[in-house]
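Take a look at the structure below.
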Amino acid sequence: MDKTFQPADIESRWYEEWEAKNYFAPRGGEPAYSIMIPPPNVTGSLHMGHGFQEAIMDTLIRYHRMRGHNTLWQVGTDHAGIATQMVVERQLEAAGSSRVELGREAFVDKVWQWKEESGGTITRQLRRLGSSLDWSRERFTMDPGMSAAVQEVFIRLYREGLIYRGQRLVNWDPALHTAISDLEVISEEEQGHLWHFRYPLVGGEGHLTVATTRPETMLGDSAVAVHPDDERYRHLIGRSVHLPLTGREIPVIADDYVDREFGTGCLKITPAHDFNDYDVGKRHGLPLVNIFTDSAEISAAAPEAYRGLDRDSARKRIVADMESAGLLDKVEDHTLKVPRGDRSGVIIEPYLTDQWYVDARALAGPAIKAVENGDIRFVPRQWENTYFAWMRDIQDWCISRQLWWGHRIPAWYDDAGNVYVGDSEQAVREAHELAADVALQQDQDVLDTWFSSALWTFATLGWPEETDDLATFHPSSVLVTGFDIIFFWVARMIMMTLHLRDEVPFHTVYVHGLVRDAEGQKMSKSKGNVLDPIDLIDGIDLESLVAKRTAGMMQPQLAARIEKATRKQFPDGIAAYGTDALRFTYYSLASTGRDIKFDLGRIEGYRNFCNKIWNAARYVLMNAEGEDAGAGSGEVELSLADRWITDLLDATTRTVTEALASYRLDLASQALYEFIWNEYCDWYLELSKPVLWDEAASAAQKRGTRRTLVGVLEATLRLLHPFMPFITEEIWQAVAPLAGKGGATIMLAPYPEAGSTPADKEAAADIEWLKAVIVGVRNIRGEMNIPPGRELPVLLAGGDERDRVRLKQNSQYLKKLAKLRGIDWLQAGEEAPAAATALAGDLEILVPMAGLIDKDAEVSRLTREIGKLEQDLSRIGKKLDNKSFVDKAPTDVVAREQEKYRAQQQAVTTLKEQLVRIRQM
RNA sequence: AGGACUAUAGCUCAGUUGGUUAGAGCGCUACCUUGACAUGGUAGAGGUCCCCAGUUCGAAUCUGGGUAGUCCUACCA
């Protein structure tokens, strides 16, 4: 074995073997445990959020698999309609072509081609993370099975009246030329202006002043509204105003939607371009004047002067024209919320079109109930409130998209505009007995990507067939996801699955936090603070990192800033930490209800942890290989340390198991870290040395220590395997045979279970005593700068019979671990030599100072120690003097404080006497 | 405008039902290449648990009110 842990080669070797041997597939057993991966974008690549999420799922999956459950981790990818189409369109543009030029069929072929080319990236990356996904069942949201399921669902819901087609205002993306759902619109505050326009009253006397943030929409105004009770304008209701620049006259109407306090109290109404105005227009029977094309340029419905202008130019022109007409009252600065498309980033336009909708209200009821009654549980719980809030006020879901990449809507139209929904044109013709000469045209639109994702948990298992897999693995056990897609995906899965299958898609939703950068910023390409998990695994040099982060930047000045920041933050690039270290970092930061700030210091710490495990294993193998490690029938004698560490492993197993059950991977990883490093390595391995290296130790004793050494390591590796799959497998292969364990892989070895035997409290107490004495000596050594190699003589004083017994049993340990030359009891009446003092309970540990220890140094050390103790003593004293504490606190608490007080007092007395003695020297 | 979450060491974070000397890692200081490991060992320094009030014998923990930050939902032109 190498002296340091080298993850790269080990990782690829083991993953290939696991996959080749089909260890990831379900293997029967009871009960079933299944997780459906949130399908990543097929043409995407892995980011830190994926890394985090997959790591969590893999731990849960490996844990249940080792427990012998029938475990399925369903893998697959998503076709990601808009995102993927955009990428391919951009490629075409770069090549001087376009989607339109290519035509629909050729374009879709092109996308498929791109999917074939780039689709392997993300799945390769998933493998690098060690994700034990069942690749033999890999699915894609546009594969034939999924497509059939999507079609089936659409038709079924249509027949049930839960999908309908309607004309209304939608969120229109004028760059992508498609409708999008409410969720895909991001509204953020931006600096803008409020323009006050004068609309002259018809009849010649005066005007009304309206305030608007969108001057260009005035061309589509249908009315001016005032509040019905507004004294200022009441007399004008029913009159008309000239709509400037258009030659139209529009009425003054009354509607209590108007806020009298805002602006002038007069509101221009543009029913075709504003959601609220649309409602007002409906109430008053106002005409819809659509002044935009589908690219949000001024349309033929507007005066000729403005036609063809984009929104921004139109705005400038209109403001200028109003000003020169003397109709611009004033302009104020104003911050407003601007709605933008989450993909395109352009301003979204409310736009009147025909679209398909899902009646979400009807589906929401059962979905709410399922969470209310606990059929589905959110972890952490608080997300249920978010879910309820949204579900109780849910809007109908616009599912049609004017894209080419996606599931084509199974609807056909005849020339009269009648709609026929069915499996195919043929099926529709037959069902509706349409003559062959009736021309039918299929709907041009595709479905929202989330429509197919909503079917993910059951469509991947063969639905609409009632397959064995469905019966076995559905509902799935847990969904692991980020809060950002609770509405997009989680809620819709729940609604669809309950409706179509009358069962929940999963029993638990584990919601994890967002992975942010070290400053707490969201990672994004434009900020240039993105970390690629693969780079943390393999490492990357500075130049490559800079190149990667600044590639394909639209704005060069951004690239310069990113480069500077990157060079500053990673002057030496990023080291190769390996998958296990990366995963462990995720777990350690995965406390619930909290985002993760990814800190390089942590991953480095866990890389070191891997190395620690590696070297501990080297030590164990070094001492056990070729030796009798107690797996046979030879007599075995267990030492105190053996009993203690075995017990502690048991306690750790319990902690880890409980933490896993409550999705506290941070607590699980912490318990493992502490046990392995602070107990097994720091103490147990050291305690094993005196036995193994002692000529006088019996074969049975050595056998006992070797057996414990190997046995505890072997079990610990299994305990750790779901978290650190690679290093544990590599070491386990060498260690398991020594422990008498068989099996081809640790992956399928049983997960340790906490034993039922009561804790060996005596062993624990003895080890605590031992540690206290050793730490006492080390403290003196450390404070006095005595080299660790120098052996010290030690005298013991005070203490009771138990201390004497313990010393007798543990002197070998003490000598070795505290580097002692000899240990003697100070006889009664014997004068102690000048010595530095440490305490272990009532036991005094004296290290004679002769030639080693400086008097002043010891004086100040003792003084400091006494000071600390006295502070503590006075605190406890006050507590005990408080009558109501003694009266009201539970007796065991009081007793504990009293014992503490006695011990501290004793300690202070002893140290003070010692101080006096030293001073007299 | 509603709602959620967060605030603990210089930094990143734990702290379960109120009772610990408030912990870990990184960083820092000192000493040390001792036969698993310098990606290491030993020892040490470092905290007004955001502020105020309350409940309690006792509050980092419970209640109320602030402050600051992050985010979600809905939005008035």
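The chains referred to below are lettered A, B, ... by the order of the sequence lines, with proteins before strands, and numbering in each begins at 1.
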In whole angstrom, what separates [X]'s [atom1] from [N]'s [atom2]?
| X | N | atom1 | atom2 | answer |
| --- | --- | --- | --- | --- |
| A/Ile485 | B/rC71 | CD1 | C1' | 17 Å |
| A/Arg861 | B/rA45 | CZ | C1' | 16 Å |
| A/Ile876 | B/rG19 | CD1 | C1' | 12 Å |
| A/Gln670 | B/rC26 | CD | P | 13 Å |
| A/Met784 | B/rC31 | CE | P | 15 Å |
| A/Tyr387 | B/rU73 | OH | P | 16 Å |
| A/Ile574 | B/rU39 | CD1 | P | 19 Å |
| A/Phe885 | B/rG19 | CZ | C1' | 7 Å |

Which nucleotide, [options], lies nearest any side-chain atom of [X]?
| X | options | value |
| --- | --- | --- |
| A/Thr213 | B/rA77, B/rA36, B/rG44 | B/rA77 |
| A/Lys597 | B/rG44, B/rU12, B/rA36 | B/rU12 |
| A/Gln382 | B/rA77, B/rC5, B/rG44 | B/rC5 |
| A/Glu783 | B/rU12, B/rU39, B/rA43 | B/rA43 |

Under 4.0 angstrom, heavy atoms only, what part of the nucleic acid is [X] near: base, sugar-phosphate, or nothing?
| X | result |
| --- | --- |
| A/Trp383 | nothing |
| A/Cys610 | nothing |
| A/Arg214 | nothing |
| A/Phe609 | nothing |
| A/Lys337 | base |
| A/Asn385 | nothing |
| A/Lys268 | nothing |
| A/Lys3 | sugar-phosphate |
| A/Arg516 | sugar-phosphate |
| A/Phe487 | sugar-phosphate |
| A/Ala211 | base |
| A/Arg607 | base |
| A/Lys900 | sugar-phosphate |
| A/Leu514 | nothing |

Assess whether one donor atom and one acceptor atom, taken from the side chain of [X] and the base of [N], lie less than 3.5 Å apart.
| X | N | result |
| --- | --- | --- |
| A/Glu686 | B/rA36 | yes |
| A/Arg781 | B/rU42 | no |
| A/Arg602 | B/rU12 | yes |

>> Other residues, nucleotides and ligands only: do more than 12 of their heavy atoms fall within 6.0 Å of CZ on A/Arg902?
In response: yes
Are the charged groups of [X] and [Y] less than 4.0 angstrom apart, N to O?
| X | Y | value |
| --- | --- | --- |
| A/Arg618 | A/Glu625 | no |
| A/Glu899 | A/Arg896 | no |
| A/Arg875 | A/Asp872 | yes |
| A/Arg340 | A/Glu190 | yes |

>> Here's a test for you: under ring pair (Phe, Tyr, Trp, His ring centres under 6.0 Å), which of A/Tyr619, A/Phe609, A/Phe5 qualifies with A/Trp614?
In response: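 Of the listed options, the one satisfying the test is A/Phe5.
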>> Can you see whether A/Asp221 engages A/Thr270 through a side-chain donor-acceptor pair at a distance of less than 3.5 angstrom?
In response: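 Distance-only check passes for A/Asp221 and A/Thr270.
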> May A/Tyr257 be described as stacking on the base of B/rA77, applying a 5.5 Å centroid limit and a 30° limit on plane angle?
Replying inline: no
